[in-house]
Undergrad: 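The structure that follows is given in the form of structure tokens.
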2 protein chains.
Amino acid sequence: MDKSIWDLERATVVFKLLADRTRLTIMKILEYRECCVCELVEIFQVSQPSISQHLRKLRDAGLVQEEKRGQWTYYALNEESNDFPMVQTILQQLPDQGTKLKAVQQKGGLHCSS
Amino acid sequence: MDKSIWDLERATVVFKLLADRTRLTIMKILEYRECCVCELVEIFQVSQPSISQHLRKLRDAGLVQEEKRGQWTYYALNEESNDFPMVQTILQQLPDQGTKLKAVQQKGGLHCSS
DNA sequence: TAAGTATATAATAATATACTTATATGGAGA
DNA sequence: TCTCCATATAAGTATATTATTATATACTTA
């Protein structure tokens, strides 16, 4: 359990990032497991650049980290972030989004190793 | 303690409202006690209409409730809101802002009964 | 090396946000 | 009633946000 006090200024930054349906869902999915960009593109009804831009915002703020493996880029929650306890506390309250990921896996067609 | 699961869509709405320094601070102040508009105007470095507009957004979303008493309008957290548990969980993590209110009281000059 | 796939970036457009000043409304008291 | 004070609303402006399409980059494999 998170006992820390959140910096108010920092909280507004994090809230702004989470105040978007796509980004908030991405974060909850990443709480379930790390994830390749192509999987996220499949899940949402928006273009690939749009997903990339959302991921960049989350990464610029340090909320997620990227790791390139071969042709693919994987994103994961950044557990080293000072904001991680805040993020975790919030994500824990949200309904599971893992099923979205499973649906994409089921459907097949992606070549990433997830 | 809040055990409820937050609706994801609703969470983005609340985060958007709290993703502003002024509004987030107002909410934390109102957690301390209900408050007259004129007190809030004193606390922040923005114009009175700006405060009114922030309050309206919070009220339109049901996060706060207004009550007119005589010449003054008092705002308080709306504990009846479905979002109140979420709001409360968040506010509890933020640093106290009650001192801002006390500073205004000390300074005097306001005629409201707070 | 050519072609295909995965991802990022650039440019742009539509919309939303948050402030300002000016003005309206409505209660309180002389 | 006239005026003052508290608050809300309107209008305008600057900036931010989020999507799109077009294009660039980089790895992979034939």
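Reminder, nothing fancy here: chain letters follow the sequence lines and each chain counts from 1.
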Undergrad: Given atom CD1 of A:I26 and atom P of D:dT18, what is their separation to the nearest angstrom?
TA: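 After rounding, the reported distance stands at 12 Å.
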
Undergrad: May I ask you to say what B:R23 touches in the nucleic acid, namely base, sugar-phosphate or nothing, with a heavy-atom cut-off under 4.0 Å?
TA: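 Answer is sugar-phosphate: B:R23 comes under 4.0 Å of backbone atoms only.
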
Undergrad: Check whether any side-chain nitrogen or oxygen of B:R56 sits under 4.0 Å from OP1 or OP2 of D:dT9, and answer yes or no.
TA: yes

Undergrad: Using atom CD of B:E42 as one end and atom P of D:dT7 as the other, report the distance to the nearest whole Å.
TA: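 Going from CD in B:E42 over to P in D:dT7 covers 11 Å.
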
Undergrad: I'd like to know whether CG of B:N82 has more than 12 heavy-atom contacts from other residues, nucleotides or ligands below 6.0 angstrom.
TA: no

Undergrad: How would you label the contact of B:E39 with the nucleic acid (heavy atoms, under 4.0 Å): base, sugar-phosphate, or nothing?
TA: nothing

Undergrad: Could you check which residues of residues 101-114 of chain B get a heavy atom under 4.0 Å from DNA chain D? Sort them by number, please.
TA: B:H111

Undergrad: Measure CD/B:Q71 against P/D:dA8 and give the value in whole Å, please.
TA: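 After rounding, the reported distance stands at 13 Å.
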
Undergrad: Using a heavy-atom cut-off of under 4.0 Å over every strand shown, decide if A:S52 touches base, sugar-phosphate, or nothing.
TA: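 The answer is base, as A:S52 lies within the cut-off (heavy atoms under 4.0 Å) of a base atom.
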
Undergrad: Could you tell me whether A:S50 contacts a base, only the sugar-phosphate backbone, or nothing, with contacts defined as non-hydrogen atoms closer than 4.0 Å?
TA: base

Undergrad: Measure from the side-chain N and O atoms of B:E39 to the backbone N and O of B:C36, and report whether any donor-acceptor pair falls under 3.5 Å.
TA: yes

Undergrad: Earliest and latest nucleotide of DNA chain C, 5' to 3', sitting under 4.0 Å from a non-hydrogen atom of chain B?
TA: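 Reading along DNA chain C, I get C:dT17 to C:dA28.
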
Undergrad: Once you round it to whole Å, what is the distance between P of D:dA10 and CD of B:Q48?
TA: 14 Å

Undergrad: Figure out the CD/C1' separation between B:E67 and D:dT7, and round it to whole Å.
TA: 16 Å

Undergrad: When you match A:K68 and B:G70 each to their closest nucleotide on DNA chain C, which lands nearer the 5' end?
TA: A:K68

Undergrad: Please assess B:W6 against B:D83 for the test side chain to side chain contact (heavy atoms under 4.5 Å, CB included), listing each intermediate value before the final yes or no.
TA: CA-CA 8 Å; B:W6 304 344; B:D83 299 323; over 6 Å; no

Undergrad: In whole angstroms, how far is the P atom of D:dT9 from the NE2 atom of B:H54?
TA: 15 Å

Undergrad: Once you apply the 3.5 Å cut-off to both distances, tell me the Watson-Crick or G-U wobble partner of D:dT29, or none.
TA: C:dA2

Undergrad: Salt bridge check: are A:R56 and A:E66 linked by an N-O gap of less than 4.0 Å?
TA: no

Undergrad: Given side chain to side chain contact (heavy atoms under 4.5 Å, CB included), test A:E67 with A:Y75 step by step and report yes or no.
TA: CA-CA 6 Å; A:E67 189 190 329; A:Y75 282 85; over 6 Å; no

Undergrad: Check every strand shown and say whether A:Y75 touches a base, only sugar-phosphate, or nothing at a heavy-atom separation below 4.0 Å.
TA: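 Touches sugar-phosphate only.
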
Undergrad: Would you indicate which nucleotide in D:dT20, D:dA8, D:dT9 comes nearest to any side-chain atom of B:Q53?
TA: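 Nearest nucleotide to the side chain: D:dT9.
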
Undergrad: With respect to the side chain of A:D20, which nucleotide from D:dT21, D:dT7, D:dT18 is positioned closest?
TA: D:dT18

